[in-house]
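Throughout, residue positions are numbered sequentially from 1 according to the sequence presented. Only a predicted model underlies this, so the values are computations on that prediction, with no experimental measurement involved.
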Amino acid sequence: MTDDHTLESARQYIESLVNGNEPVALPDLNGFSEQVGKIKEAYDDGFKEYGHDGGREAIARAFESLSRHNPKYDLLRPASIARRSGKAVPIPGVMQLLPESAQLPAGLSKGACLWLERYIKFSKRLSPSGYDGFHEAVGLWLLSTVAARRIALPLGASMQYTMLYITLCARSGIFAKSETTAVGTKTLKQAGMGYLLMGNNHTPQSFIKTMTGVVPTNYTTLTGSERTAIERGIAFSGQRSWFLDEFEQFISEMKKKSGPKQEFSGMMRELDRGEDEYTLTTIGRGEDKVICPYLALLANVTPSDLKTSAKRGSQEWGNGFWARVAVIGPNADDPLRTGRMPNERFQAPTDVLEPLIRWNERLGIPPTLIEDDPDNPGKFKVTRGKFPENEVFFGAGVEDAFYAYREALIHMVHGSANTDLDSNYARFAAKALRIAMLAASLENNNVIELKHWALGQEICERWRANLHAVFVAINEPIATVNEGIEERIVACVNAYTESHPLPPTKRIISQRAGRGADSNELVKIIRGMLDIGALEEIDAGKTKRYRVPISESEENQG
C-alpha cells in the first residue's frame, strides 16, 4: 500500500537527483522503493561517466524504458523529466542554425576553388566508399600543407596563417578513412613535396629538433634528386605536415601525466598560433629553436577511440586542444558509399598535380645555405634568408561577413550550458578564414572575394555539424539494459517466426534473447511489452507463443 505522502516523497527524491542535489539517504518509500532504487542506480551510472548532466540524462532514459513495463514509473516521473516522443533527446549542445545576419546566399561559393573540386572528384574515384566530407577535408589538408606558412593576413596584433588540424572520425572500415587519406599523402609525394611530411614516431623533443633543420651526416655524398629533397626539407624544416593513422594511440600517450609525449598538447596549441618562433629547452639537449613554425595535421580515429580522450568534460576540450582540430565524421544516419576502386597504379591527374607544383614555386622557396661547420667537423651549419610571405587581402564585403559569422557563433555558445564546445565555436571563423585564404592564394591573385569566404563558411558549417555528430556519438549514454533486451526480443521473435511454422515460446525467447536478465525479470519485460502492444500473445493449446503485432496494412497485403 502507498499513500499520497509516500508518492510525493518519492517524486521529491527523484527531483533532487535531477537538480543535482542528491539527498543524503534513500527514504522509506514502501511500494515505490524498488522503482526509486532503479532510478538512483541509473543516475549513479550516468554521473560516474559524465557528471550531473549525464546523471540527469540517464534518469530520463530510465523513465522511458522502465515505464513501458511498469506504470508506477509514470506516477513517479517529475515534471522536469517530461515524456519524450520519438527518439531520445541527445546530450546538451545540439547544433543551432545560424541567425539570418550570418547566413549567406545559396550558391555564393560556386567556382571559389576549382582545384578542390577536381581533387574531390579524383579522390572519390580512388576511394568510392569514403565519406564525402573526408575527400574535401583531405584536399584542404593538402593545400594547407603546401602553403607552409607562406600565405599571411594581418589581423589585430598578429598574422593569420593557414595551418589546419584535421581528424577524420568514423567506425573502422566503414567510411574508408585510410583509403581516402592515402590519396592525399600519395598526391603530395607525387607532386614532389614529400619532404614536407614528418615521420610518425616522435617525442616532442625529437619533433622540434627535426623542425630546427638537422642536416644528415651523409649530405655531402648525396647527388641529384636525393640531395634536392634534403635541401628542400631543410629549407622547410620548420613548416611541416603530420599524418597520424593511429591518432587515438597518440592522444592516449599525450594524456599520460609525466609521460614522454605529454608536452605535445601544449606544443601543438602553440604551433597553431603562428608565432615568429618556438623554443623548447631541455636539460639534455639545451635550447632548440624553430623559426617561422607551422604545422598541418591529418589524422584518423574512430568514435570509440574518442570515448575516453574526448568525452564530455575532458581536459582537451577545456584547454583548447580539440578546438584547434576539425573533427570530420558522418552522422549516424548517413548512408554507406559503395563502389569499386580502379585496378591500376596510383597516378594523380595532371590538373591536380601541376597547380600544386606551380603554386609551391610561386609562393617562394625559403633561401637556405648548407655549409660545413668549421667548429664541429663532420657536421653542418644552416644559414637562412628571409622567409617568403605572400600577403592576401580582404575583398569587398568579406571582412563584414567574417565578423558576422564569428559573432553569431560566439553568441550561440555564450547562451549554452554546455561549455565543452566553446573554444571550437570561437575558432570556426578563423578556420573559415584560413580556407578562404588558401583558395584566394591558389586561384585569385591573393584577393579574398565573397565567394572564397562563402566556401570557407560553408565548409566550416559542415564541420560544425560533424563536430556535433561526433560529440553525440562519443558521449551518448549507453542504452539501458532493458532497452537492449527488448530490441533482442523483437529481433528474435521476427527471425524465429520467419523460419518456423509457429512463433517462439517464452522459453525459446529466453534462450535466444534473454542474456542480461534472469527469468523473473524477463517475464516482467515480456509482460510490459504485451501491455504496450509491442508483442502479442497467442494461445497455442497448452503453450503460449509470442509474435510481433501485424499492422493493418500488412494484414490487408496478406
Side-chain angles (χ1 to χ4, degrees), residues 109-124 126-127 130-151 153 160-170 175-177 180-188 191 193 196-197 239-244 247 272 274 294-301 324-330 348 351-353 355-356 359-360 363 392 405 424 427-444 448 451-467:
S109 66
K110 184 177 181 180
C113 189
L114 298 178
W115 178 90
L116 185 59
E117 295 176 16
R118 294 193 298 271
Y119 176 82
I120 291 172
K121 181 179 179 181
F122 163 59
S123 182
K124 286 182 175 181
L126 268 66
S127 181
Y131 169 59
D132 284 352
F134 291 168
H135 302 290
E136 178 180 72
V138 174
L140 291 168
W141 167 79
L142 259 174
L143 295 182
S144 176
T145 297
V146 176
R149 195 189 161 108
R150 292 172 291 174
I151 304 168
L153 174 73
Q160 292 291 316
Y161 298 102
T162 56
M163 57 283 278
L164 292 174
Y165 293 176
I166 292 171
T167 296
L168 310 187
C169 181
F175 284 99
K177 299 187 300 294
T180 308
T181 52
V183 177
T185 56
K186 289 186 176 182
T187 297
L188 183 69
M193 287 174 262
L196 292 170
L197 288 172
Q239 302 77 42
R240 290 301 183 96
S241 191
W242 206 10
F243 170 60
L244 294 173
F247 198 43
D272 183 65
Y294 179 99
L295 180 66
L297 173 72
L298 179 64
N300 288 334
V301 74
R324 290 166 169 81
V325 180
V327 184
I328 318 300
D351 61 0
V352 168
L353 288 177
L356 293 180
W359 188 41
N360 180 48
L363 291 174
V392 295
Y405 184 55
N424 295 72
R427 287 177 171 81
F428 271 125
K431 289 184 176 72
L433 182 59
R434 292 175 183 186
I435 294 168
M437 291 167 63
L438 290 167
S441 172
L442 179 64
E443 296 181 353
N444 202 54
I448 306 173
K451 65 178 181 180
H452 305 113
W453 170 256
L455 176 68
Q457 180 170 315
E458 287 173 11
I459 290 172
C460 281
E461 281 298 278
R462 289 193 283 274
W463 289 0
R464 188 163 69 95
N466 289 159
L467 172 67

Which heavy-atom pair separates [X] from [Y] by the least distance, and what is that distance?
| X | Y | answer |
| --- | --- | --- |
| E136 | R462 | OE2-NH2, 2.6 Å |
| G111 | E117 | N-OE2, 3.9 Å |
| R240 | L196 | CD-O, 3.2 Å |
| A439 | A112 | CB-O, 3.8 Å |
| M193 | L356 | CE-O, 3.8 Å |
| A440 | H452 | N-CD2, 4.1 Å |

Is a donor on one side and an acceptor on the other found under 3.5 Å between the side chain of [X] and the backbone of [Y]?
| X | Y | value |
| --- | --- | --- |
| T187 | V183 | yes |
| E443 | L114 | yes |
| N466 | G329 | yes |
| W141 | I166 | no |
| R434 | M163 | yes |
| S127 | K124 | no |

Positive for side-chain contact (heavy atoms from CB on, under 4.5 Å) with K177, one of N300, I328, V301 =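 With K177 as partner, side-chain contact (heavy atoms from CB on, under 4.5 Å) holds for just one option, N300.
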
When I151 is tested against each of L442, L143, T162 for side-chain contact (heavy atoms from CB on, under 4.5 Å), which residue passes?
->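 Option passing the side-chain contact (heavy atoms from CB on, under 4.5 Å) with I151: T162.
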
Determine, step by step, whether Y165 and L295 satisfy the side-chain contact (heavy atoms from CB on, under 4.5 Å) criterion, reporting the C-alpha distance in whole Å, the side-chain angles of both residues, the deciding distance to 0.1 Å, and the verdict.
-> CA-CA 8 Å; Y165 293 176; L295 180 66; 3.9 Å; yes

State, without any angle test, whether [X] and [Y] hold a side-chain donor-acceptor pair at a distance under 3.5 Å.
| X | Y | value |
| --- | --- | --- |
| W453 | S109 | no |
| S241 | Y294 | no |
| S144 | Y161 | no |
| N424 | R464 | no |

Given side chains that start at C-beta, do those of [X] and [Y] come closer than 4.5 Å, heavy atoms only?
| X | Y | answer |
| --- | --- | --- |
| L164 | L298 | no |
| C460 | Y405 | yes |
| R324 | R427 | yes |
| V138 | S123 | no |

Could you grab the distance from atom [atom1] of [X] to atom [atom2] of [Y], nearest 0.5 Å is fine?
| X | Y | atom1 | atom2 | value |
| --- | --- | --- | --- | --- |
| L197 | W242 | CG | CH2 | 12.0 Å |
| N360 | T145 | CG | OG1 | 11.5 Å |
| T180 | F175 | OG1 | CZ | 11.0 Å |
| D132 | F134 | CG | CZ | 10.0 Å |
| I435 | I448 | CD1 | CD1 | 12.0 Å |
| L126 | H135 | CG | NE2 | 10.0 Å |

Trace of the salt bridge (charged side-chain N to carboxylate O under 4.0 Å, His left out) decision for K121 with D351 | CA-CA 12 Å; K121 181 179 179 181; D351 61 0; over 6 Å; no

Do the ring planes of Y119 and W115 sit parallel (below 30°), tilted (30 to 60°) or perpendicular (above 60°)?
->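 Parallel: the ring planes of Y119 and W115 meet at under 30°.
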
